[in-house]
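Quantities reported herein were computed from a predicted structural model and do not represent experimental measurements.
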Amino acid sequence: QGQEQQALEDIEAALALDPDAVDASILKGDILANQSRVDLPGAIAAYTHALSAEPDNPDALEKRCKRCKTYQQNQDWNQAEQDCSQLLSIQPNNALIYDRRGDIRSAQKNYEAAIEDYTKAIQINENNGNAAANRSIYYSRGTAYGEIGDPEKGLADYERFRAPTL
C-alpha cells in the first residue's frame with residue numbers, strides 16, 4: 001500500500017504541473033481501480049478527465065473501456081451501458097464489449113436485451129474463428145434465458161458451456 005500511495009502522490013504532482021497529462025490520469029485511474037483500498041469513484045473521475053482532455057485521441061477507446069469496466073464494478077449500470085454503447089458505435093464487431101454490455105443489461109434485469117448482446121458476441125467470435133471464447137458467454141446467455149422463462153434454450157446453452165470444446 002505504501003508504493004501505491006507514493007505513486008498516487010507522484011501522479012498528483014505531475015497533474016499539478018500539467019493538468020491535461022492524459023497518461024498520468026489513466027495511471028491514476030488504474031491505481032485507484034486496482035489498489036488494495038479500491039476507490040472506484042476516483043478511478044472513474046480519472047478516466048473521465050483523461051477522456052475529456054483528449055476526446056479524439058486514438059487511445060480514447062481504451063480509456064472508455066476502462067471507465068466502462070469501472071462503472072460496472074461500481075454497479076453504475078446506466079453509465080456502464082452508455083459507455084459500452086458508445087464503444088460499440090466505434091467498434092461494432094467487438095465481442096468483448098457485447099459480452100460486457102450483456103452482463104450489464106442482465107444485472108439490470110433487462111434479459112431480452114442481454115440475450116441479444118450475448119448472441120451477437122457469440123456470432124462475432126464464431127465469425128472470427130474464436131468460438132472457444134464463447135463458453136462463458138453461453139453460460140451467461142443460458143442464465144438470461146432461464147430468467148425469462150425459457151429453460152429449454154437455457155439448458156441448451158448450459159450444455160454448450162459444459163462441452164469440452166466448441
Side-chain angles (χ1 to χ4, degrees), residues 4 25-51 55-166:
E4 294 167 346
S25 290
I26 295 169
L27 186 56
K28 179 180 178 181
D30 291 347
I31 292 170
L32 292 173
N34 297 301
Q35 68 181 351
S36 54
R37 289 182 27 208
V38 174
D39 177 4
L40 296 177
I44 290 167
Y47 294 138
T48 300
H49 176 76
L51 281 164
D56 298 324
N57 184 308
D59 294 332
L61 188 69
E62 178 187 357
K63 293 173 218 155
R64 190 170 303 282
C65 195
K66 287 182 177 193
R67 186 175 72 174
C68 173
K69 181 180 178 185
T70 308
Y71 276 135
Q72 185 180 12
Q73 289 172 304
N74 202 39
Q75 298 183 359
D76 190 342
W77 307 121
N78 292 331
Q79 289 297 120
E81 183 176 0
Q82 183 179 350
D83 268 3
C84 280
S85 295
Q86 288 174 344
L87 284 164
L88 288 169
S89 72
I90 298 165
Q91 283 194 339
N93 292 315
N94 189 317
L96 178 63
I97 299 169
Y98 275 105
D99 183 25
R100 176 165 288 146
R101 191 173 71 175
D103 290 345
I104 292 163
R105 288 176 164 177
S106 190
Q108 295 176 53
K109 302 188 184 322
N110 186 355
Y111 299 112
E112 290 85 359
I115 290 167
E116 289 176 21
D117 283 342
Y118 293 138
T119 301
K120 184 70 175 172
I122 289 167
Q123 291 168 346
I124 290 168
N125 281 333
E126 288 174 354
N127 290 341
N128 292 337
N130 193 20
N134 288 335
R135 287 191 70 217
S136 66
I137 302 171
Y138 280 124
Y139 183 87
S140 299
R141 190 175 72 173
T143 301
Y145 275 129
E147 291 292 342
I148 64 168
D150 195 339
E152 187 174 304
K153 287 183 180 176
L155 289 172
D157 275 353
Y158 285 146
E159 289 301 317
R160 289 182 187 103
F161 166 74
R162 291 178 27 177
T165 58
L166 296 172

Nearest atoms (heavy-atom pairs only) where Cys84 meets Ile97: O-CG2, 3.6 Å
Rounded distance (nearest 0.5 Å) linking atom OH of Tyr111 with atom OG1 of Thr143: 9.5 Å
Euclidean distance, Ile122 CD1 relative to Ser140 OG, rounded to 0.5 Å: 9.0 Å
Least distance between heavy atoms, Lys120 atom then Pro92 atom: CE-O, 4.4 Å
Where Thr70 and Ala33 come nearest, the two heavy atoms and their spacing: OG1-CB, 4.3 Å
Contact summary for Asn134 and Ala121, nearest pair of heavy atoms: OD1-O, 3.9 Å
Euclidean distance, Ile26 CD1 relative to Ile31 CD1, rounded to 0.5 Å: 12.0 Å
Within 6.0 angstrom of Tyr158 OH, more than 12 heavy atoms from elsewhere: yes
Nearest-0.5 Å distance, CG of residue Leu32 to OH of residue Tyr47: 8.0 Å
Asp76 CG to Asp83 CG distance, which is reported to the nearest 0.5 Å: 9.5 Å
Reference residue Arg105; test side-chain hydrogen bond (donor to acceptor under 3.5 Å, both in side chains); the match among Glu81, Glu116, Glu112: Glu81
Smallest separation among heavy atoms of Ile44 and Arg67, with atom names: O-CD, 4.2 Å
Backbone of Tyr118 reached by a side-chain donor or acceptor of Tyr138 within 3.5 Å: no
Heavy-atom side-chain proximity of Ile90 to Gln86 below 4.5 angstrom: no
Atom pair CZ/CZ of Phe161 and Arg141 - distance to nearest 0.5 Å: 14.0 Å
Lys109 vs Glu147 side-chain heavy atoms within contact, under 4.5 Å: no
Side-chain heavy-atom pair Ile148, Ile115 within 4.5 angstrom cut-off: yes
Minimum side-chain heavy-atom gap Leu87-Asn94 below 4.5 Å: no
Arg160 and Asp157 ion-paired at < 4.0 Å: yes
Side chain to side chain, Asn78 and Gln82, heavy atoms closer than 4.5 Å: no
Shortest non-hydrogen separation from Ile104 to Trp77 and the atoms involved: CG2-O, 3.5 Å
Flag, side chain of Ser106 to backbone of Gly102, donor-acceptor distance under 3.5 Å: no
